[in-house]
4 protein chains.
Amino acid sequence: MARPKSEDKRSAILDAATRVIVTQGLSAPTATIAKEAGISNGSLFTYFETKVDLLNQLFIELKAGMAAAALKRFPDESELRKQVFHVWSNWMDWGTSNPEKRSALAQLSVSEEITPATRLAAHKTSAGLTDLMERIRANGSLRAVPMSFVGAIMNSLAETTMDIMINDPANAKKHCKVGFETFWRAIS
Amino acid sequence: MARPKSEDKRSAILDAATRVIVTQGLSAPTATIAKEAGISNGSLFTYFETKVDLLNQLFIELKAGMAAAALKRFPDESELRKQVFHVWSNWMDWGTSNPEKRSALAQLSVSEEITPATRLAAHKTSAGLTDLMERIRANGSLRAVPMSFVGAIMNSLAETTMDIMINDPANAKKHCKVGFETFWRAIS
Amino acid sequence: MARPKSEDKRSAILDAATRVIVTQGLSAPTATIAKEAGISNGSLFTYFETKVDLLNQLFIELKAGMAAAALKRFPDESELRKQVFHVWSNWMDWGTSNPEKRSALAQLSVSEEITPATRLAAHKTSAGLTDLMERIRANGSLRAVPMSFVGAIMNSLAETTMDIMINDPANAKKHCKVGFETFWRAIS
Amino acid sequence: MARPKSEDKRSAILDAATRVIVTQGLSAPTATIAKEAGISNGSLFTYFETKVDLLNQLFIELKAGMAAAALKRFPDESELRKQVFHVWSNWMDWGTSNPEKRSALAQLSVSEEITPATRLAAHKTSAGLTDLMERIRANGSLRAVPMSFVGAIMNSLAETTMDIMINDPANAKKHCKVGFETFWRAIS
DNA sequence: AATGAATGAGAATTCATTCAT
DNA sequence: TATGAATGAATTCTCATTCAT
């Protein structure tokens, strides 16, 4: 059964939640999110059963959006390092031009409200990335450790790199490269 | 001169908060923390002015404890790599044998309740670690990036390594080493 | 368009507050007021932002009600003394037949919760009374003192007269007259 | 059984309470009063069983002080009007030079915490004033009304007069006289 | 007697969720 | 389906009073 009701409104709520979470945190009232979305507080609950539900769907949405951005124009034919750098650059672009989504996603990632099932679902939306990481792991000295290790490292280095890029935009491109080199060294 | 405010009780509250935060998150009611500490809810506020105050002090306490553990028996005379590995190992020990403190600290680290002043104070309690990271940075290919980059990388790799160690205790020692190698490669 | 915020409910809360204040004073819990009004404690706050707000609005409402009662059927054509006696009688009627409102108003009048802005607003609702007092002052030996003096005297004599009337209802009419004569003498 | 403990400390608490009530109202915490008095919060309760008890005793003390001041150097031989003016002047002096006591007393007078028994006791401390008022009443046109009427009128006019005197100190003496004349007219 | 920590019953709000319109 | 008022459990913090020292 496809989603009922207006898909537009659903998106509006999700967007509003993103913005509100940035300034107020995850404990932001649903009423505030509804107002930001231009609907009544009651309506919010016709689109999301509970606040926790809203948060979980937002997590998936954001993660999927990020993965899609990272995989845009993926160079299937290139060698691994080139492919990874392509993804890395896309990621940096997404993060620096969507600071609100990035911030909300970071908060959701560490929240206990996000269920394991949600994390799994979000993971699945970025199958392309997972494949890539699997190949990265198989390639270097990390053959022995779990896949999540590679993901965690990449995520952490990416986050930190984006922070630096935002703080010093003039040298953004350089920082992007340095971050990548660091990552590549780590996983080699 | 009446009962003196007991340092024991302060610690009991902090310990209780640590335990409660692990299971209930930072939004755990102060009443729950008080009960866990074996005191009345009112008493909590004779030791900590507000809940936010309690959280901030806990953050400092935990961070200081972690840093102290990491720096235990620091080999002043050794070469850099040995020193870093020593700290790394200590850190892994602390994290794997104090999972609750580690979890609470992780949650506090990303909380907006923790003020910049607190973060600074906590940072100062681990001056030894800062020095070490400064030397790490000066040493390798990260000369150009801010110090926080090194810290963020180390923290992320450490966290992930600890997760792996806990999930696969039989090979803990090996995972500890692999994690370190990865880190060393990254910052070299 | 959902249930509209009902004016009835607002009045019910104000009435309930009046009753509760008489027996419990201004420190009466909002929960008690809500229960007396037949609504949930949460609902009280959809009609009044804070307890202080409720108190301030109640003050205005009561004062306005009293002034309206005092000015009912005002004899514009009569001479001053007749007019004042008319108002005085109306006031006595209002006070003796609305003992709860009178008691609550007395308590609110001396409360520090009532802001100067509220006092001003309440004052404006009784412009007719102010005019009258101004004419009283201009008329007699009180030309030299501030207007508030006349108001304070009238209020005090009125309050005391009402007490006597209530204590000795058989002679209420006589007491009403004696009170008025006393006032008239004072301001002559 | 005479009062135990230090009479000095008792007075210190009462004085402190007076000061604190002026700025914080009757809901001022006992802890604040204790600190202002330079003692521990616990000690306060060795001098006064409960907060209500403290308030009631303070009321009596203040009222007695006021009455004593009003009756100072009472001219037994003079005619009634002279005597009343003497008392009136003393009262104005007391009120204008003890604004804190006056304010605290005013607040206590309308508080529900003050019991009827206390009011009676306070009344008895000012027997001299009561006598005077009784003679005032017998003398004029108020023969028919209860004694309390005279007291209430006098109190109200006195309070208002003091306000005016404080607001316009340059003409204090004149205001004092006008206030008295008004009172005298009222009760004549 | 003096101290001040300990207690725990409130008190005013807040807010996710429900439901009448 | 949309609205926003209604609900009431839950939360932080206060404070009179007690009690160990």
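Since we're looking at a predicted model, the values are computed, not measured. Note on naming: letters A, B, ... go to the chains in the order of the sequence lines (proteins, then strands), and numbering restarts at 1 for each one.
Distances shown here put a side-chain N or O of A/Ser40 below 4.0 Å from the OP1 or OP2 atom of F/dT3.
A salt bridge (Lys or Arg N to Asp or Glu O under 4.0 Å) check over residues 100-109 of chain C, counting only residues at least two apart or in different chains, returns the pairs C/Arg102-C/Glu159, C/Arg102-C/Asp163. Here salt bridge (Lys or Arg N to Asp or Glu O under 4.0 Å) pairs that include residues 37-53 of chain D, with residues two or more places apart or in two chains, number zero.
Remark: D/Ala122 engages D/Phe59, D/Ile60, D/Lys63 in a side-chain contact (heavy atoms from CB on, under 4.5 Å) (not counting sequence neighbours). The side-chain contact (heavy atoms from CB on, under 4.5 Å) test applied to B/Ala34 returns B/Ile39, B/Asn41, B/Leu44, not counting sequence neighbours. Shown here are the side chain to side chain donor-acceptor pair (under 3.5 Å) partners of A/Ser109, two or more places apart in sequence or in another chain: there are none. By the side-chain contact (heavy atoms from CB on, under 4.5 Å) test, C/Ala106 is found to be paired with no residue, residues two or more places apart in sequence or in another chain being considered. Among residues two or more places apart in sequence or in another chain, the side-chain contact (heavy atoms from CB on, under 4.5 Å) test is passed with A/Phe45 by A/Thr30.
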For residues 17-28 of chain D, please give each side-chain donor-acceptor pair under 3.5 Å, one per line with the distance, not counting sequence neighbours.
residue : atom : partner : partner atom : Å
D/Thr18 : OG1  : D/Leu14 : O            : 2.9
D/Arg19 : NH1  : D/Glu36 : OE2          : 2.4
D/Thr23 : OG1  : D/Val20 : O            : 3.2

Counting only pairs under 3.5 Å, give me each side-chain donor-acceptor contact of residues 110-118 of chain A, with atom names and distances, residues two or more places apart or in other chains.
residue  : atom : partner  : partner atom : Å
A/Ser111 : OG   : A/Glu113 : N            : 2.9
A/Thr115 : OG1  : A/Thr118 : N            : 3.1
A/Thr115 : OG1  : A/Thr118 : OG1          : 2.9
A/Thr118 : OG1  : A/Asn56  : OD1          : 2.5

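Five base pairs at each end of the helix from E/dA2-F/dT21 to E/dT21-F/dA2 define two local axes, and these are offset by 0° (rounded to 10°).
Each of C/Asn41 and B/Asn41 was assigned the nucleotide of DNA chain F with the nearest heavy atom; the assignment lying further toward the 5' end belongs to C/Asn41.
C/Tyr47 places a side-chain N or O within 3.5 Å of a backbone atom of C/Ser6 that can act as its donor or acceptor partner.
Listed by residue number, C/Lys5, C/Lys9 are the residues of residues 5-33 of chain C with a heavy-atom contact under 4.0 Å to DNA chain F. The stretch residues 43-51 of chain C touches DNA chain F through C/Ser43, C/Thr46, C/Tyr47, each having a heavy atom under 4.0 angstrom from the strand.
We find that CG of D/Asp53 is positioned 14 Å from P of F/dA16, with the value rounded to whole Å. Taking atom CG of residue D/Leu54 and atom C1' of nucleotide F/dC15, one finds them 15 Å apart after rounding to whole Å.
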